[in-house]
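Okay, structure first, notes after.
Note on naming: letters A, B, ... go to the chains in the order of the sequence lines (proteins, then strands), and numbering restarts at 1 for each one.
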Amino acid sequence: MLTSLSLIACTATITDGTVGGTGGTGGNGGGVAGSGGGGGTQRMDGPVAPRFQCANGDSAIELPLRRLSRLQYQNTITALVKQFAPTSGSAILTAVAPIIANLPTDAHVGGPTAKRGGYTRLDQALQQQHIDVTYQLATALGAQFTQSTQRLSEIFGACATDASTTNDAQCLDNFVRNFGGRAKRHALGADDVTFYEQPIGTGSKVDPAALADVVALILSSPGMFFFEEHGQDGTFTGRVPLDAYELAARLSYNFWNAPPDDALWQAATAGDLLTPAGYQAQVDRVVAAPPADTGMTEFFAQWLRLDALPQMNALNSNPQYAAFVGSTVPNASTTGAMVNDVLSSVLYQAHHGGGVSELLTSSGSFSSDPLLAGIYAAPASDGTTPSAVPSPARAGLLTRAAMLADGLPVTRPIMKGMFIRTALMCDTVPPPPPGACMTPPPPLPAVSTTREKTEALTEQAGTVCAGCHKNVINPLGYITENFDALGRERSQESVYDPSGALWGAKVIHTDSVLQVVPGDMRPVKDAVEATQRIDVSRKVHSCFAEQYFRYVTARLDDPQQDGCPLSSLESAAMANQPLAEVQKRAATLTEFKTRSFQ
Amino acid sequence: MTSQPGVVLSRRFFLRGVGGATLALPLLPSLLTSREAAAQAANPNNRCFVALLTVHGGVWAQNMYPADASLTTSQLYATAGFNVRSGALVPTLNNGTTSVSPVLSAPSTVLTPALVNKMNVLRGLDIPYQFSHHDGRGALGNIVLNDGTTSTLPANPQRRSIDQVMAWSPNFYTSTQGIRERSVHLHTISYPSYGYSNPTVGASSGIQGIGRTANDSMQLFNDLFPMPSTTPTPTRPLLVDLVLQDYQRLRNGSKRMSAADKQRLDDYMQRIYELQRRVSTTTAPACNNITQPAMSNSSISGAPDANGSDPKAPYDGSTQSPALQTQYYQLYNDVLAAALHCGATRVVVMIADSLMSDFGTVPAGLWHDNVAHQCDGATGQQNMTQAQSAFFSGVMVDLAQKLDAADEGNGSTTLDRSLVMWTQEYGNLIHVPYAIPVVTFGSASGGLKTGNYCDYRNLNKLKNPNATGESKNQAPGLTWHQMLGTCLQAVGVQRSEYQESNHNGYGVRVADPASDWPQATWDAAGDMLPFLS
């Protein structure tokens with residue numbers, strides 16, 4: 001499948017305020033064709049041209065029989081157990097927790113711009129362990145549901161344990177319709193009810209062992225593991241509108257990673273979701289509801305690769321690291337605090353009408369963690385209201401601790417630069433060329449800054465490394481070198497030997513030529529200017545739109561065939577519409593509400 | 001239903017190798033009755049394959065291989081059109097350490113001369129284009145899946161990894177009776193194994209990564225050695241049969257579905273068939289009486305959290321611990337040795353992917369910059385050599401000796417019917433695809449000759465003959481495709497099961513620059529590697 005490539009030429013030329021999207025050279029670093037924008041002449045002091053155009057109408061691409069992610073499946077099990085076993089649910093979930101832990105992990109799947117990142121939703125591979133573990137879990141839950149008279153009565157109703165046998169058949173029917181419907185996220189037909197009652201055979205309708213098999217059979221059904229969608233009844237040309245239950249599931253799983261709640265279920269049952277007003281009302285409610293925070297934070301955690309942030313305390317007893325951190329000794333909570341600071345910032349903007357620009361440029365601390373608050377020199381936050389950060393050098397997202405810290409005694413400008421270039425701006429950088437290890441760096445004084453070492457290692461004239469590292473990767477990492485590897489502000493870099501002895505310190509420099517837009521050779525002095533330059537370009541906004549499209553559709557995009565939905569999201573994002581509005585727009589895309597069966 | 005996966009009831013013993021101890025499998029031979037042992041010995045179709053992988057590499061030739069002087073034989077490999085060399089592996093014993101090279105060293109109590117005689121060291125096998133990083137993804141056959149680029153990729157270049165060819169080969173698994181897992185996969189982040197989405201359909205179903213079989217050694221044990229059921233078979237229909245029916249009624253019903261939707265259902269049903277096969281098959285008797293191990297390697301690595309994170313590195317939170325790292329894999333080895341011996345599986349792929357640095361003392365975060373990319377410096381090379389050697393000694397040799405201690409009852413050992421191979425991500429320089437080292441143990445029931453050091457480089461094509469460093473050794477040789485095909489043939493897979501239309505080796509033909517791997521090397525790609533057959 002094609003993806004929206006924004007391949008960066010690793011050498012660029014100054015063209016008096018504009019750069020032509022004419023492609024790079026094949027010289028040092030293996031530069032390749034492309035530009036940072038949609039081709040053609042590109043402005044450098046304003047937004048780049050949109051990358052996506054709506055030319056081909058509705059997308060014809062459809063992910064076939066999408067499965068639930070691990071998180072979605074787990075949330076579904078939890079919701080079902082709590083709904084049908086409100087009293088004993090916690091004990092049941094505790095009993096099956098070891099099996100749930102064995103559910104296969106979803107891999108992060110990304111496109112060419114996210115070789116090390118991506119979204120777990122996009123892992124649609126079917127593993128043998130999926131059926132092995134879900135089958136084992138289903139049978140275990142069946143056994144748990146029928147473990148005692150009390151549970152039978154609680155879950156299946158008093159009719160399952162009373163002395164009467166005349167109500168047993170109706171008792172079973174009711175359970176299968178209710179439990180089966182919620183498990184499969186769709187009202188069951190009579191044929192379904194008959195099928196799922198098969199384990200009963202000719203025996204007692206309330207035989208615990210048989211009921212356990214009924215539960216296990218329902219939980220092993222296709223509609224439980226997959227998003228089973230058939231569309232509305234009738235004849236349609238092209239994409240088929242989803243029915244009300246299917247819409248309810250799309251909304252809840254996309255925004256909540258969980259099954260429909262009672263209100264959505266009722267809206268589906270009543271048919272309200274099939275009216276424009278009824279659908280919009282549910283979209284507004286779902287996006288604003290507290291569970292939507294889980295979808296928002298999952299997306300941003302994976303886009304910003306926060307789940308890959310190392311443990312800051314892992315090297316506490318390493319002498320060099322211990323000397324580096326000094327009295328700011330990280331603890332087991334530090335990494336989580338850094339992640340939460342970013343995600344709380346995301347949620348704050350989502351709840352308060354902020355867009356990508358506000359996310360990029362807002363520097364308030366959301367940390368209640370004393371160590372992180374100390375790094376920011378800010379009062380502790382309650383996690384929902386930002387505390388003012390006094391330093392003007394804190395430029396926003398790029399200077400939040402999670403974007404700077406690496407758990408090491410030194411910063412990693414290359415990694416920081418690659419992250420901004422590829423993950424945040426959706427540019428693609430060519431892979432390392434052959435012989436990347438063939439040219440040893442020239443000797444440097446022991447007291448050299450990380451920037452100087454990086455320049456010596458990767459920016460030597462005439463080497464295969466210099467093209468990309470000097471022009472498009474490293475500068476984006478240098479602009480935050482006034483923050484150390486724990487996110488503390490600094491004006492000079494202290495250099496320690498492996499034993500922790502201080503070798504010396506040297507003044508750092510952050511001035512760089514970023515080429516946010518290739519060929520833009522205007523320098524920036526620090527992260528504040530860099531953030532402004534990046535914000536103005538709207539490249540992160542455009543990238544957000546593409547990434548969110550992937551998250552919503554659980555697939556990589558095709559810039560041609562998906563041009564219309566991508567363009568719709570991109571226009572909203574580049575106009576800096578609130579994050580919540582971009583979410584809602586995703587839910588109103590034709591591709592969200594309909595399905596192709598071609 | 002005769003058994004429930006994952007449940008432990010009664011298992012009589014389990015071998016102990018915890019903590020790098022050198023205990024063998026003292027009780028395993030007693031598991032087999034004389035009739036079972038005789039049957040096993042007479043069965044030519046029970047070969048095993050184990051692939052062990054480490055990422056990065058860039059170990060200099062002088063540290064990775066025996067001395068050049070040991071290459072005592074040079075002969076023209078006529079098909080490829082150049083001379084190749086070989087010699088017997090001759091270990092040196094010094095201060096309790098047996099060495100074939102600095103990396104290929106281990107305590108003499110473990111790496112005995114007899115074990116060295118069951119070993120091969122192969123040099124001069126190339127992934128024939130620049131691939132940047134494959135992180136293990138390309139090692140076993142899907143060589144185009146990497147971060148690199150080439151202008152010569154053909155259409156539909158992805159291929160199954162060879163472990164999946166074996167797992168679904170009727171010539172490898174002539175019977176799946178007693179087989180709990182066709183293949184076992186142990187990794188954290190990288191996916192080294194790729195198979196058809198639906199193996200019974202084939203290439204048209206697409207290629208996908210194969211997820212890990214278990215998150216830790218205890219889960220693996222419970223999967224491979226399920227508790228024999230003590231409950232009577234219920235009179236109701238087997239649940240798994242009803243589950244399958246549920247999928248079939250959707251697949252074949254009248255509800256609106258696309259052809260691709262139905263293909264996905266078919267793919268999933270194939271996995272239900274596999275589950276159905278297992279729940280209705282009788283576990284091999286030798287697998288029924290194995291005692292649960294005393295500890296899981298999750299206790300030293302940290303199990304995945306509630307959100308299913310990847311297993312964490314075996315790391316004590318304060319200092320690097322190569323000993324813990326080794327123990328982590330040895331606990332896997334204990335389970336794998338028993339499973340291979342008793343026939344619970346016959347294919348294993350295990351990769352030390354994100355955890356490679358923990359075999360050394362340089363912290364993980366510094367590994368890439370300070371070791372992997374400082375490989376041309378003495379300190380970086382020393383660290384890389386030390387770490388790769390720790391893997392060889394602590395993991396590969398540990399598994400080999402455990403398999404070699406498992407008596408098959410016919411004078412041979414489980415190792416003798418196995419092919420255990422280890423390879424790294426790169427050749428002798430980082431990001432260089434020439435001469436990616438391969439080390440093997442076992443002859444796969446005579447499928448391979450052993451005891452050899454082979455050098456398949458074409459010395460007429462040295463890339464930098466006047467260089468002074470490691471780059472002076474760089475020269476293209478034979479293809480990775482030929483190595484993979486050799487593994488397949490050694491374990492009994494027929495060449496007709498995998499050969500390509502434009503060469504007879506395994507995997508898509510890619511050569512960049514083409515002059516490094518001319519037509520003659522592709523003509524040779526279907527052969528067993530010289531000196532080994």
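Ranked by heavy-atom pairs under 4.5 Å with chain A, the first of B/R182, B/R249, B/M257, B/Q270 is B/R249. In terms of heavy-atom pairs under 4.5 angstrom with chain A, the leader among B/L265, B/I210, B/N198 is B/I210. Ranked by heavy-atom pairs shorter than 4.5 Å toward chain A, the options B/G206, B/G211, B/G469 are led by B/G211. Taking chain A as the reference chain and counting heavy-atom pairs below 4.5 Å, the highest number among B/E181, B/K255, B/Q245, B/R256 is found for B/R256. The choice from B/K262, B/E470, B/R271 that makes the most heavy-atom pairs within less than 4.5 Å of chain A is B/R271.
Neither the backbone nor the side chain of A/S69 comes within contact range of chain B, judged by heavy atoms closer than 4.5 Å. Only the backbone of A/Q232 comes within contact range of chain B, judged by heavy atoms closer than 4.5 Å. Interface residue B/Q208: only side-chain heavy atoms are found under 4.5 Å from chain A. Heavy-atom distances place no part of A/P310 under 4.5 Å from chain B, backbone and side chain included. Residue contact with chain B, scored on non-hydrogen atoms closer than 4.5 Å, involves the side chain of A/D123 exclusively. Heavy atoms closer than 4.5 Å to chain B are found in both the backbone and the side chain of A/Q128.
With A/F597 as the aromatic partner, A/R595 meets the cation-pi criteria of under 6.0 angstrom to the ring centre and within 45 degrees of the ring axis.
Between A/Q127 and A/D132, the closest side-chain pair of non-hydrogen atoms is not below 4.5 Å.
Counting non-hydrogen atoms of neighbouring residues, nucleotides and ligands closer than 6.0 angstrom, the CG atom of A/D191 exceeds 12 such neighbours.
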